[in-house]
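Structure, as structure tokens:
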Amino acid sequence: MMFPRKVKHRKWQKGNSSGLTKAGAELAFGSFGLKSLETCWLNGRQIEAARRAMTRYVQRGGRIWLRVFPDKPVTKKGTEVPMGGGKGSVEYYVAVIKPGRILFEMDGIDEKTAREALRLAAYKLPVKTRFIAK
């Protein structure tokens, strides 16, 4: 599972998830990519599941870049804990995804293979996505 080694602040506020992405909206490394069309929080398990689906399909051919990393902590209080007593402990980390964000990039394979691999990866994600090519 993906999570940061070290964080400046252990607990964050929820923040605002409206609007379009500020950075990471263009292909930077590969020729093919998977672009988000919605807002969501992707956790490390979802990113890893999508990465594995792509890697297995291309059978270690080509190159894959992950353009998102879960660095935002999500806290949760235990079950049957009464109100009050402060904020809960960190449960997992998420990557904040806004519309237009490139999630994954691929290169070194033909378009048909890349399209199928990214389609399999998209099934693992809780957000609508679109295949893009340079």
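The model shown is predicted, which means the values in this text are computed figures rather than measured ones.
- Considering L118, L103, I102, L37 as possible partners of T129, the one that fulfils the side chain to side chain contact (heavy atoms under 4.5 Å, CB included) test is L103.
- Atom NZ of K76 is surrounded by 12 or fewer heavy atoms from other residues, nucleotides or ligands within 6.0 Å.
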- [ ] Show your working on side chain to side chain contact (heavy atoms under 4.5 Å, CB included) between V90 and V7 and close with a plain yes or no.
- [x] CA-CA 12 Å; V90 174; V7 290; over 6 Å; no
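- No side-chain heavy atom of R63 sits less than 4.5 Å from a side-chain heavy atom of F29.
- Under the 4.5 Å side-chain heavy-atom criterion for Ile, Leu, Val, Met, Phe, Trp and Tyr, L27 and F104 are members of distinct hydrophobic clusters.
- The local environment of NZ in K11 is crowded, with over 12 non-hydrogen atoms from other residues, nucleotides or ligands closer than 6.0 Å.
- More than 12 heavy atoms of other shown residues, nucleotides or ligands fall within 6.0 angstrom of atom OH in Y57.
- Residues V58 and L66 share a single hydrophobic cluster, defined by chaining ILVMFWY side chains whose heavy atoms lie under 4.5 Å apart.
- Atom NZ of K14 has 12 or fewer heavy atoms from other residues, nucleotides or ligands within 6.0 Å.
- Side-chain heavy atoms closer than 4.5 Å link hydrophobic residues (I, L, V, M, F, W, Y) into clusters, and following such links, possibly through other members, connects M54 to L125.
- Considering only heavy atoms from C-beta on, N43 stays 4.5 Å or farther from P70 through its side chain.
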Open item on the list: Before you tell me yes or no, could you show the steps for R51 and E48 under salt bridge (Lys or Arg N to Asp or Glu O under 4.0 Å), namely the whole-Å CA-CA distance, both residues' side-chain angles and the distance that decides it to 0.1 Å?
Closed with: CA-CA 5 Å; R51 185 197 65 78; E48 180 65 14; 2.6 Å; yes
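- Note on residues 116-127: pairs passing salt bridge (charged side-chain N to carboxylate O under 4.0 Å, His left out), not counting sequence neighbours, are E116-R119.
- Between E91 and V74 the shortest side-chain heavy-atom distance does not fall below 4.5 Å.
- Taking a 6.0 Å sphere around CZ of F131, one finds it holds more than 12 heavy atoms contributed by other residues, nucleotides or ligands.
- There is no path of hydrophobic side-chain contacts, each under 4.5 Å, that joins F69 to Y93.
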